Amino acid sequence: MKLAVFGRFNNKYTLISVDTLLNYVAQKDVEVYIESEFSELIKSVSTKRDFYSTFETFKSLDESFDLLVSIGGDGTILRAITFVMDLDIPIVGINTGRLGFLATIQVEDIEKAVQNIIDGKYRISERSLLTIETSPENDDILDLNFALNEIAVSRKNTTSMITVETLLDGQYLTSYWSDGLIVSTPTGSTGYSLSCGGPVITPGANSFVLTPIAPHNLSARPLVIPDSTEIQLKVDGREEQHLVSLDSRIATLDNGTIIKVKKADFKIKMIDLLDESFLKTLRKKMLWGEDNRN
Ligand SMILES: NC(=O)c1ccc[n+]([C@@H]2O[C@H](COP(=O)([O-])OP(=O)(O)OC[C@H]3O[C@@H](n4cnc5c(N)ncnc54)[C@H](O)[C@@H]3O)[C@@H](O)[C@H]2O)c1
Ligand SMILES: Nc1ncnc2c1ncn2[C@@H]1O[C@H](COP(=O)(O)OP(=O)(O)OP(=O)(O)O)[C@@H](O)[C@H]1O
């Protein structure tokens, strides 16, 4: 097995997670490659510099890798997909973060989880992504123009609302008067969209949801649409520019930019261990359906 290890930050759980993972796979038939910046980070904060120096590093991935293990929280997993892209490499996250909705392996379960993965005791959950094109083009999002959770437009440097003119497959829907608009995947439906009143969409549903951010309108409800829809957005407002976010990444666009959002032509493979599931995570991490009468 050829394993890629990626993280971004160091906190009190990072080194114990890295050491537990690397010590365990060192006993197995596993080649380990650590993302180069993360390798330098853990060497700089660890007393085991020589130990980490024995591992290969990577700056980019290729199809020869069998798995990417992200060490961090959901934000790190969202960043990890920018390495995997359309390489079809399954991703699993060790949660050293806060919520860990997407990063599901707890630090204390690393060895058991890794053994289950080596033994093939897991399911693959294929997750759709969104991709974006703008006219005029924007250099900040030209390369990494995809998102696992959501693509959102929002106001920038102003308390004034923006209007978001929205077309679905070329047909006018409405112009939202709001702080912005979220186009969310099923994966992202439990993220920002949820916080703005959007519905939970289970991963297998071939849908997206349009969820306005603080709309000044009693009838602007979230709208679930087929994931084959092309969504066209154009923002106007008192300022000259607005923000566009792709998961944790943001860029600034001029008002009037034509933004086209649609389903990406590739999917991300998330690993679900056999004792994990989306519904179990939803109940455990979001307390969905929690009811004292149950
Ligand atoms: N008000 C909000 O709820 C809000 C605002 C901005 C961004 N977000 C979400 O945060 C994501 C970026 O994550 P980050 O860690 O870089 O930002 P962050 O550090 O602000 O974390 C945002 C929170 O959202 C959680 N989260 C992220 N993706 C999730 C998902 N698919 N389902 C359930 N919870 C999820 C994270 O665990 C974290 O607790 C964005 O893609 C967006 O979905 C949420
Ligand atoms: N900007 C930062 N600088 C330093 N450490 C950070 C920074 N952002 C996150 N961290 C640390 O790295 C950990 C993982 O960050 P990440 O964004 O992946 O997850 P999170 O947002 O904390 O958790 P989750 O997204 O699961 O709620 C955080 O819990 C925090 O301890």
Side-chain angles (χ1 to χ4, degrees), residues 5-18 35 37-38 41-42 44-45 68-83 91-107 125-130 132 141 144 146-156 178-205 207-215 222 243-251 261 264 267-268 270 272 276-288:
V5 177
F6 170 66
R8 286 188 300 166
F9 304 112
N10 172 57
N11 66 15
K12 61 185 176 181
Y13 302 109
T14 306
L15 285 181
I16 180 72
S17 299
V18 175
E35 189 274 329
E37 289 182 21
F38 189 49
L41 172 64
I42 51 183
S44 70
V45 296
L68 179 140
V69 177
S70 152
I71 297 180
D74 293 336
T76 300
I77 280 221
L78 293 170
R79 182 67 68 184
I81 69 164
T82 64
F83 284 96
I91 297 178
V92 70
I94 294 170
N95 183 38
T96 65
R98 296 163 300 182
L99 181 68
F101 195 89
L102 303 173
T104 54
I105 298 176
Q106 298 309 314
V107 177
S125 171
E126 292 208 336
R127 302 299 180 94
S128 56
L129 295 97
L130 291 164
I132 182 174
I141 52 179
L144 295 177
F146 53 84
L148 177 61
N149 271 349
E150 76 281 305
I151 288 175
V153 291
S154 57
R155 58 192 169 111
K156 176 181 182 182
S178 62
D179 286 352
L181 178 70
I182 300 166
V183 182
S184 175
T185 65
T187 301
S189 72
T190 46
Y192 198 6
S193 175
L194 180 94
S195 301
C196 294
V200 173
I201 304 178
T202 54
S207 306
F208 294 143
V209 58
L210 301 178
T211 303
I213 305 170
L243 290 177
V244 61
S245 66
L246 293 78
D247 296 343
S248 320
R249 311 186 306 278
I250 57 172
V261 178
K267 291 191 174 186
I268 286 287
M270 304 286 287
D272 279 344
E276 289 291 339
S277 73
F278 173 80
L279 297 183
K280 187 173 179 181
T281 305
L282 188 62
R283 288 196 305 272
K284 191 167 66 172
K285 297 285 177 81
M286 308 294 282
L287 306 183
W288 190 90

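Atoms within a ligand are numbered from 1 in the order they appear, just like the ligands themselves. Given the structure is predicted, the values throughout are model-derived calculations rather than measurements.
At a threshold of 4.5 Å between non-hydrogen side-chain atoms, the residues Phe101 and Leu282 count as touching. Between Val18 and Ile71, the closest side-chain pair of non-hydrogen atoms falls below 4.5 Å. Side-chain contact between Ile105 and Val69 is absent, with no heavy-atom pair separated by less than 4.5 Å. Counting heavy atoms from C-beta outward, Met286 and Leu99 have side chains that approach closer than 4.5 Å. Here the side chains of Pro199 and Pro222 are in contact, with some heavy-atom distance below 4.5 Å. Using a 4.5 Å heavy-atom cutoff, the side chains of Lys285 and Thr190 are not in contact. Looking at Thr14 and Ser17, their side chains never come closer than 4.5 Å, going by heavy atoms from C-beta outward. Contact of the Val261 side chain with the Phe208 side chain is not registered, since no non-hydrogen atoms from C-beta on lie closer than 4.5 Å.
Ligand-side atoms of ligand 2 in range of Thr96: 29 (O), range being under 4.0 angstrom from any heavy atom. Atoms of ligand 2 found under 4.0 Å from any heavy atom of Gly100 (numbered from 1 in listed order, with element): 26 (O). Every atom of ligand 2 is numbered from 1 in the order shown, and the set under 4.0 Å from a heavy atom of Gly97 is 22 (O), 23 (O), 29 (O). Close contacts of ligand 1 with Arg98, meaning ligand atoms under 4.0 Å from a residue heavy atom, involve 18 (P), 19 (O), 21 (O). Those atoms of ligand 2 with a heavy atom of Leu99 less than 4.0 angstrom away are 24 (P), 26 (O), 27 (O). Interface atoms of ligand 1 facing Leu99, defined by a heavy-atom separation under 4.0 Å, are 34 (N), 37 (O), 39 (O).
Protein heavy atoms are found less than 4.0 angstrom from atom 21 (O) of ligand 1. Within a 4.0 Å radius of atom 43 (O) of ligand 1, the protein contributes one or more non-hydrogen atoms.
Partner Leu148 forms a side-chain contact (heavy atoms from CB on, under 4.5 Å) with one of Leu130, Leu246, Leu129 and no other, that one being Leu129.
The residue among Ile182, Leu246, Asn149, Asn95 with a heavy atom at the shortest distance from atom 29 (C) of ligand 1 is Asn149. Ranked by closest heavy atom to atom 20 (P) of ligand 2, the top entry among Arg98, Lys12, Arg8 is Arg98. The nearest non-hydrogen atom to atom 15 (O) of ligand 1, considering only Gly73, Ser154, Gly75, Gly72, comes from Gly75. Comparing Thr281, Thr185, Thr190 by heavy-atom distance to atom 34 (N) of ligand 1, the nearest is Thr190.
What sits closest to atom 16 (O) of ligand 1 on the protein, heavy atoms only, is Ser248 OG, 2.9 Å. Protein heavy atom at the shortest distance from atom 24 (P) of ligand 2 is Asp74 N, 3.5 Å. The protein heavy atom nearest to atom 2 (C) of ligand 1 is Ser195 OG, 3.5 Å. Summary of contacts: the protein heavy atom closest to atom 26 (N) of ligand 1 is Asp74 OD2, 3.7 Å. Nearest non-hydrogen protein atom to atom 31 (O) of ligand 2 is Asn11 ND2, 3.0 Å. Of all protein heavy atoms, the one lying nearest to atom 13 (O) of ligand 1 is Leu78 CD1, 3.7 Å. Protein heavy atom in closest approach to atom 4 (C) of ligand 2: Phe9 CD2, 3.8 Å. The shortest contact between atom 18 (O) of ligand 2 and any protein heavy atom is with Thr76 OG1, 2.6 Å. Of all protein heavy atoms, the one closest to atom 41 (O) of ligand 1 is Glu150 OE2, 2.7 Å. Of the protein's non-hydrogen atoms, the one nearest atom 9 (C) of ligand 1 is Tyr192 N, 3.9 Å.
For Ser184 (side chain) and Ser189 (main-chain N/O), a donor-acceptor pair under 3.5 Å exists by modelled atom type. Looking only at distances, no side-chain donor or acceptor of Thr185 sits under 3.5 Å from a matching main-chain atom of Glu150. Side chain of Asn11 to main chain of Tyr13: a donor-acceptor pair is present (N/O by atom type, distance under 3.5 Å, no hydrogens or angles). No side-chain donor-acceptor contact under 3.5 Å links Asp272 to the backbone of Ser277.
Polar contact check, Thr187 against ligand 1: a nitrogen or oxygen pair lies under 3.5 Å apart. For a threshold of 3.5 Å applied to N or O pairs, the pair formed by Gly73 and ligand 2 contains at least one separation below that value.
When all heavy atoms of Thr211 and Ser193 are compared, the pair lying nearest together is OG1-OG, 2.8 Å.
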